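Reading through the structure tokens given below for one structure.
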Amino acid sequence: MTNIQRFQKILKGNNLDGFFVTNPTNIFYLSGFRGISATERESILVFSPKATLITASLYQNEARKLASKDLKVTIVPERHLMFEKTKSLLKNSKNIGFEQDDLRFGEYQNLSLGSDPRKTLQKLLPFKNLVEDLRIIKSPDEIKKIEKAQIISQKAFDQIVK
């Protein structure tokens, strides 16, 4: 089961039909996409309920390589249009979750999905550590990678000591 599939089960368990991930580390964990800067908004991962990675054309080559049956990739011409695309993907969602510790207030205000912004903001539900809690539990594949990294580190250390 992929990380995206595992996260979709969590969303279903929380009665969410929409969610968007803005934390770059969490986007990488779920989708494999890594931008250049950890401080700039380079992508958004939207679940509605299918996962869609939204990023600017600057990153289109890297992003398109990640497309799969579980992940759709959408390219927008400029970064400032990512939230417009997010709004269009979530417009029919009733309960929309977001990462409360990563979304900027201006971005939150910009997420009006209709003529009455108050209705949209009532639909936006803040969540803390939803993805982070998923990252804590390691899959068998992740455990193998950790073990391999530890062996490589030990060999490097042994060489340094010599």
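Along the sequence shown, residues are numbered consecutively beginning with 1. Values in this document were obtained by computation on a predicted structure and should not be read as measured data. All values below were derived from every heavy atom in this structure, side-chain atoms included, with hydrogens, water molecules and symmetry-related copies excluded.
Checking side-chain atoms of Arg41 against main-chain N and O of Arg79 turns up no donor-acceptor pair under 3.5 Å. The main-chain N or O of Lys69 is found under 3.5 Å from a side-chain atom of Lys50 such that the two form a donor-acceptor pair. At least one donor-acceptor pair under 3.5 Å links the side chain of Ser37 to the backbone N or O of Glu40. Checked by atom type and distance alone, the side chain of Glu62 never pairs as donor or acceptor with a backbone atom of Tyr59 at under 3.5 Å. Although no hydrogens or angles enter the test, the distance criterion places a donor-acceptor pair under 3.5 Å between the side chain of Ser57 and the main chain of Pro77. A donor-acceptor distance shorter than 3.5 angstrom exists from the side chain of Asp17 to the backbone of Lys94, with no hydrogens or angles considered. Although no hydrogens or angles enter the test, the distance criterion places a donor-acceptor pair under 3.5 Å between the side chain of Glu99 and the main chain of Asn23. A donor-acceptor distance shorter than 3.5 angstrom exists from the side chain of Ser68 to the backbone of Asp70, with no hydrogens or angles considered.
Atom-to-atom distance recorded for Gln8:CD and Leu11:CG is 7.0 Å, nearest 0.5 angstrom. The CG atom of Leu125 lies 9.5 Å from the CG atom of Asn14; values are rounded to the nearest 0.5 Å. With values rounded to the nearest 0.5 angstrom, Ser31 atom OG is found 5.5 Å from Leu45 atom CG. A distance of 15.0 Å separates NZ of Lys9 from CD1 of Ile4, quoted to the nearest 0.5 Å. Atom OG of Ser139 and atom CZ of Arg6 lie 6.5 Å apart (nearest 0.5 Å). One finds the OG1 atom of Thr74 at 9.5 Å from the CZ atom of Arg64 (value rounded to the nearest 0.5 Å).
Nearest heavy-atom pair across Ser43 and Leu53 is CB-CD1, 3.9 Å. Considering every non-hydrogen atom in both Phe20 and Leu103, the closest pair reads CE1-CD1, 3.8 Å. Here the closest non-hydrogen pair linking Ala56 and Glu78 is CB-C, 4.0 Å.
If you chain together hydrophobic residues whose side chains sit under 4.5 Å apart, Ile36 and Tyr29 fall into the same group. In terms of hydrophobic clustering, with Ile, Leu, Val, Met, Phe, Trp and Tyr side chains grouped at heavy-atom distances under 4.5 Å, Phe105 and Met82 are assigned to a common cluster. If you chain together hydrophobic residues whose side chains sit under 4.5 Å apart, Ile136 and Leu134 never meet in one group.
Using a 4.5 Å heavy-atom threshold, the side chains of Phe83 and Val76 count as separate. Side-chain atoms of Lys85 and Leu81, non-hydrogen and from C-beta on, never get closer than 4.5 Å to each other. For the pair Thr52/Val73, no side-chain contact is recorded, criterion being any heavy-atom separation below 4.5 Å from C-beta on. Contact of the Asn26 side chain with the Phe28 side chain is not registered, since no non-hydrogen atoms from C-beta on lie closer than 4.5 Å. Annotation: side chain of Ile44 is not in contact with side chain of Val21 (no heavy-atom distance under 4.5 Å).
For the ring-ring contact (aromatic ring centres under 6.0 Å, His included) with Phe98, the lone residue among Phe127, Tyr108, Phe47 that qualifies is Tyr108.
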Checking Leu90 against Val46 for the side-chain contact (heavy atoms from CB on, under 4.5 Å) test, could you report, in this order, the C-alpha distance in whole Å, the side-chain angles of both residues, the deciding distance, and whether it holds? CA-CA 8 Å; Leu90 294 171; Val46 179; 3.8 Å; yes
Assess whether side-chain contact (heavy atoms from CB on, under 4.5 Å) is satisfied between Ile96 and Leu16, documenting all intermediate values. CA-CA 6 Å; Ile96 304 166; Leu16 295 170; over 6 Å; no
Under the side-chain contact (heavy atoms from CB on, under 4.5 Å) criterion, do Phe7 and Thr2 qualify, and how do the steps go? CA-CA 9 Å; Phe7 190 65; Thr2 67; over 6 Å; no
Between Leu130 and Phe19, is a side-chain contact (heavy atoms from CB on, under 4.5 Å) present by the stated rule, with each step listed? CA-CA 11 Å; Leu130 206 58; Phe19 196 93; 3.6 Å; yes
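More than 12 non-hydrogen atoms from other residues, nucleotides or ligands lie less than 6.0 angstrom from NZ of Lys138.
Lys145 and Glu142 are not joined by a salt bridge, as no carboxylate oxygen comes within less than 4.0 angstrom of a charged side-chain nitrogen. One finds no salt bridge joining Glu42 and Arg34 here, because no Lys/Arg side-chain nitrogen approaches an Asp/Glu carboxylate oxygen to under 4.0 Å.
Side chains of Arg135 and Asn3: a donor-acceptor N/O pair is absent below 3.5 angstrom, by distance only.
Within the structure, side chain to side chain donor-acceptor pair (under 3.5 Å) pairs that include any residue of residues 150-162 comprise Gln154-Asp158 (at least two apart or interchain).
Every residue two or more places apart in sequence or in another chain that forms a salt bridge (Lys or Arg N to Asp or Glu O under 4.0 Å) with Asp101 is listed here: Lys128.
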